[in-house]
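What follows is one structure encoded as structure tokens, with my remarks underneath.
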Amino acid sequence: MLQSSHDLALLLARFQFAFTVGVHIVFPAFSIGLAAYLAVLEGLWLRTGRSVYLDLYRYWVKAFSVVFAMGVVSGLVMAYEFGTNWAPFSRKAGPITGVLLSYEVMTAFFLEAGFLGVMLFGMNKVGRGLHFAATCLVSVGTLISMTWILASNSWMQTPQGYAIDPATGSFMPADWLAIIFNPSFPFRLAHMGLAAFLSVAFAVGATGAWHMLRARRLRAPVTEPVKVMFSMAMWMAAIVAPVQMLVGDAHGLNTLKYQPVKIAAMEGDWVSEGRAPELLFGIPNMKTEHTDYAIGIPLVGSLILTHSIDGKVPGMKDFPRDQRPPSPVVFFSFRIMIALAVLMAGLGFWSLYMRWRKRLYESAALHRAAVAMAPAGFIALLCGWVTTEVGRQPWTVYGLLRTTDSVSPIVLSNIELSLTAFVIVYVLVFGSGLGILMRILSRAPEVGEHDASETPAGEILGGRAQSAAVRAVTDDGV
Amino acid sequence: MTGLAYWLPVVWACILGSAIMIYVILDGFDLGIGILFAVERDRLRRDVMVQTIAPVWDGNETWMVLGGAVLYGVFPGAYATLLPALYLPIVLMLLALIFRGVSFEFRILTRDGGRAALWDIGFMAGSGVAAFCQGCILAGVIQGVTVSNDGAFAGGPLDWLTPFSVLCGLSVVCGYTLLGATWLIWRTSGDLEIFVRKLAPALAACLFVAIVAVSFWTPMLHAPYLTRWTAWPNVLYVAPVPVLVVALGALFLMGLRRAHSRTPFLCVLGWFFLCLSGLAITVWPYAVPPTLTLWNVSSPPSSQLFQLVGTAVLLPIILIYSVYSYHVFRGKVTEADVHH
């Protein structure tokens with residue numbers, strides 16, 4: 001299959017980018033959701049005066065500091081990787097995507113970094129109002145950041161507002177509003193924002209559920225902060241998961257309009273037809289132009305995509321072979337995302353039912369399910385990105401600049417070396433980071449939680465120096 | 001070339017130069033503190049050292065992201081040529097910065113655990129390697145890059161590795177260490193302050209030698225570089241640079257001897273300012289020496305103008321709240337601030 005070392009170098013460069021950006025995106029998504037959650041907690045504390053919100057704030061802000069640091073350092077890589085590995089792309093699209101990235105740095109990254117110090121260490125140095133303002137600014141920064149990078153990404157998906165320089169082939173910005181508010185941007189923005197909130201809701205919910213299960217095992221009472229975090233997370237799951245499905249549907253319709261071949265690849269459809277089935281399973285074969293072992297529900301494919309059973313859905317055969325994305329990848333990534341969405345909404349409804357039955361804090365089955373679904377949001381989010389990015393292939397700028405023409409003239413051995421180094425370092429560093437995060441969260445939030453700036457490390461990580469009262473109820477003695 | 005097409009890249013070169021300068025100075029002292037872990041083994045003192053930068057290092061590193069983004073948006077030709085040319089040192093620097101950034105956070109959290117020593121090593125090694133790579137990258141740009149007719153990188157993967165780049169790498173390591181040491185003189189007290197005060201003169205001597213070596217070597221790299229520094233009447237404009245370097249050295253020693261807390265740090269900042277300005281004067285107006293100028297590599301005026309409007313508004317605001325965040329955490333940090 002691989003004709004030359006160029007093809008292999010391209011494949012490895014793509015893999016390196018996918019790997020580094022895939023690891024990276026988890027942290028900003030976590031930060032977006034968690035910063036908003038922290039702002040809500042601090043706001044509730046200031047408004048109601050209930051110390052449980054302050055306890056939760058102080059508990060989660062420690063996790064936030066770890067997540068944020070991992071986001072900063074993994075994001076730094078992205079700012080340079082466009083140039084190192086995708087030089088021709090950067091040269092041609094930089095006048096547009098580079099400018100949007102610069103705006104992201106100036107409006108968001110500095111805002112987040114500038115007020116993060118106050119947020120983490122400043123509780124005792126500035127007033128309450130100012131500290132709350134810092135938390136809100138960090139949260140707003142994460143949202144602004146998402147907005148710019150999605151404008152840039154969406155422009156690559158549905159480019160407009162540009163002219164092409166005949167001499168160099170570069171994209172010249174002609175209308176900035178058209179560039180930023182390109183057709184897929186609002187949908188992608190809403191979809192990603194909700195995905196970030198949902199991912200964090202499930203991480204928070206799982207943490208709460210885990211502590212309730214532990215308390216039950218120890219026959220100890222469940223503390224107020226644990227209950228509140230679980231309850232808040234389950235409200236989010238019950239409300240946001242269904243909304244996310246509606247937004248996802250709208251996003252899909254937008255894709256159908258502007259990138260029909262992506263939809264055909266996601267659905268494993270080869271022939272354009274009305275009354276199309278929705279495939280639950282199948283293995284799309286790019287060579288034989290057929291989806292093998294297909295199991296489908298009649299008519300539903302047309303119904304989902306066109307909201308009418310007679311609606312015509314696109315097929316990959318409508319498009320030349322060299323313009324089709326690799327269907328096997330997006331077919332499955334899309335289905336995993338959908339399956340997780342259904343499970344997440346299901347858990348949300350289950351929690352509503354348990355809340356109505358007044359057994360939200362008692363149902364061990366619900367808690368176990370919540371713990372099992374801790375990474376569900378993040379996995380769905382990654383699958384969504386795989387779907388939209390692999391679905392954009394074989395282009396970097398859709399329909400205009402091919403991926404194969406976008407890659408840097410880097411010798412193969414260099415990419416092999418850098419890819420290996422990235423994988424080793426990322427597994428080591430972010431694996432450890434995940435371990436530390438889990439240890440932070442494995443300690444139950446206390447009533448009267450310490451401020452991050454005054455907590456000895458042993459306490460942040462649990463197991464060593466918890467106060468006697470709390471130890472009596474929560475510590476299992478290990 | 002019309003007025004706008006000429007002046008926009010010039011304005012942007014000044015902004016980019018300032019951003020790089022701010023980055024080097026800010027991240028310089030916090031990388032220096034990592035390097036100083038090599039000579040300061042005491043846990044308590046290490047905690048104090050780290051605490052002086054804990055609230056601000058994220059912001060410091062953001063200037064490097066800004067540098068990359070501005071290069072990408074305003075000088076895409078340089079971004080797309082220099083980064084592939086400097087692939088290995090850039091990747092190595094990024095990996096080192098990852099190690100250092102997370103080690104920094106993790107060591108605070110694992111302070112009492114067995115892994116803490118491991119993260120200390122990560123912080124130290126990551127800081128040192130990142131500093132060395134930054135020197136190599138700087139040298140790689142100054143000594144020039146082979147490009148094809150269409151401006152793409154056309155050299156080999158190890159072109160950047162020369163005796164000159166190794167010298168620059170070591171110089172930056174030395175400079176950052178001195179910057180870190182003088183930062184600690186300003187921001188700490190007691191034994192730690194005394195320790196770094198004793199360390200500072202030797203570091204300053206090393207840096208001075210390095211500055212002299214780089215200053216004499218650089219003009220030998222390309223003929224235009226030499227002309228820039230020796231031709232009449234250029235020499236009149238550039239002569240104050242070496243004079244000021246020596247004057248600041250004298251002020252530095254005086255500040256150290258008279259136990260000033262801030263003077264040594266400010267003098268080293270001055271050195272960095274002069275050195276970077278000197279290098280900028282040398283390579284001007286090339287973005288990718290020795291072939292591509294600023295105007296060869298810049299994006300269309302519509303990109304530069306749109307970005308300039310935002311920058312003119314945002315950069316002053318960024319500077320104001322960055323200063324505010326330093327202000328909140330001002331004053332000397334002591335062991336009592338770290339351990340309760």
Side-chain angles (χ1 to χ4, degrees), chain A residues 65-66 68-70 72-77 79-80 82-84 87-88 90-91 94-96 98-99 101-103 105-107 109-110 113-118 120-122 125-126 165 172-174 176 408-411 414 418 421-422 425 429 432-433 436 440 454 456-458 460-461 464, chain B residues 54-56 58-59 61-62 64-66 68-74 76-77 79-84 87-88 90-92 94-95 97-99 101-102 104-106 108-113 151-154 157 299-300 302-303 306-307 310-311 314-315 318 321-322 324-325 328-329 339-340:
Chain A
S65 73
V66 174
F68 191 87
M70 293 197 280
V72 168
V73 292
S74 60
L76 183 64
V77 172
Y80 285 85
F82 289 113
T84 52
S90 310
R91 187 188 307 278
I96 288 173
V99 172
L101 181 65
S102 300
Y103 267 97
V105 179
M106 289 188 296
T107 55
F109 291 173
F110 277 111
F115 290 96
L116 182 76
V118 177
L120 295 180
F121 304 104
K125 291 195 186 266
V126 300
D165 181 359
M172 320 251 291
W176 280 102
S408 291
I410 300 284
V411 293
N414 266 11
S418 64
F422 272 117
V425 170
V429 163
S432 303
I436 288 178
I440 293 174
E454 59 191 30
I460 296 179
L461 291 174
R464 284 255 299 208
Chain B
V56 290
D58 286 310
E61 207 137 279
T62 306
M64 169 170 261
V65 186
L66 180 68
V70 166
L71 202 60
Y72 182 18
V74 175
Y79 182 78
T81 305
L82 291 175
L83 269 58
Y87 190 77
L88 290 177
I90 286 176
V91 168
L92 189 59
L94 294 171
L95 291 171
L97 287 173
I98 288 176
F99 246 103
V102 296
F104 185 96
E105 296 291 328
F106 294 173
I108 298 178
L109 293 167
T110 52
R111 204 182 277 154
D112 301 333
F153 171 59
S299 57
S302 51
S303 292
F306 177 69
Q307 194 170 331
T311 306
L314 293 164
L315 215 50
I318 290 168
Y321 65 65
S322 297
Y324 168 75
S325 118
V328 169
F329 298 99
H339 293 265
H340 298 264

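The sequence lines fix the lettering, A, B, ..., with proteins before strands; numbering per chain opens at 1.
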**Q.** Which portion of Val77(A) sits near chain B, non-hydrogen atoms under 4.5 angstrom
**A.** both
Q) Counting heavy-atom pairs under 4.5 Å to chain B, which of Phe68(A), Phe109(A), Phe82(A) comes out on top? A) Phe82(A)
Q: Counting only heavy atoms closer than 4.5 Å, note whether Ser408(A) contacts chain B via side chain, backbone, both or neither.
A: side chain
Q) Where on Glu105(B) is there a heavy atom nearer than 4.5 Å to chain A: the side chain, the backbone, both, or neither? A) side chain
**Q.** chain A contact via Phe104(B) - which portion, at a heavy-atom distance below 4.5 Å
**A.** neither
Q.
Taking side chain as everything from C-beta outward and backbone as N, CA, C, O, which of these in Val56(B) sits under 4.5 Å from a heavy atom of chain A? Side chain, backbone, both or neither.
A. neither
Q: Can you tell which part of Val126(A) gets under 4.5 Å to a heavy atom of chain B, answering side chain, backbone, both or neither?
A: side chain
Q.
Given heavy-atom pairs under 4.5 angstrom as the criterion, report whether the side chain, backbone, both or neither of Val118(A) touches chain B.
A. both
Q: Please flag which part of Leu97(B) lies under 4.5 Å from any non-hydrogen atom of chain A: side chain, backbone, both or neither.
A: both
Q: Using non-hydrogen atoms and a 4.5 Å limit, figure out which bit of Leu76(A) sits close to chain B: side chain, backbone, both or neither.
A: both
Q: Check whether Leu101(A) gets within reach of chain B through its side chain, its backbone, both or neither, counting any heavy atom under 4.5 Å.
A: both
Q. Which atoms of Phe422(A) come close to chain B, meaning under 4.5 Å heavy atom to heavy atom: side chain ones, backbone ones, both, or neither?
A. both
(Q) Ring centroids only, cut at 6.0 angstrom: are Phe306(B) and Tyr103(A) within range, meaning strictly under it? (A) yes
Q) Between Leu66(B) and chain A, which part of the residue has a heavy atom less than 4.5 Å away: side chain, backbone, both or neither? A) both
Q: Counting only heavy atoms closer than 4.5 Å, note whether Ile318(B) contacts chain A via side chain, backbone, both or neither.
A: side chain
(Q) At a 4.5 Å cut-off on heavy atoms, which part of Ala154(B) comes close to chain A: side chain, backbone, both, or neither? (A) neither
Q: Just say parallel, tilted or perpendicular for the rings of Tyr324(B) and Phe115(A), cut-offs at 30° and 60°.
A: tilted
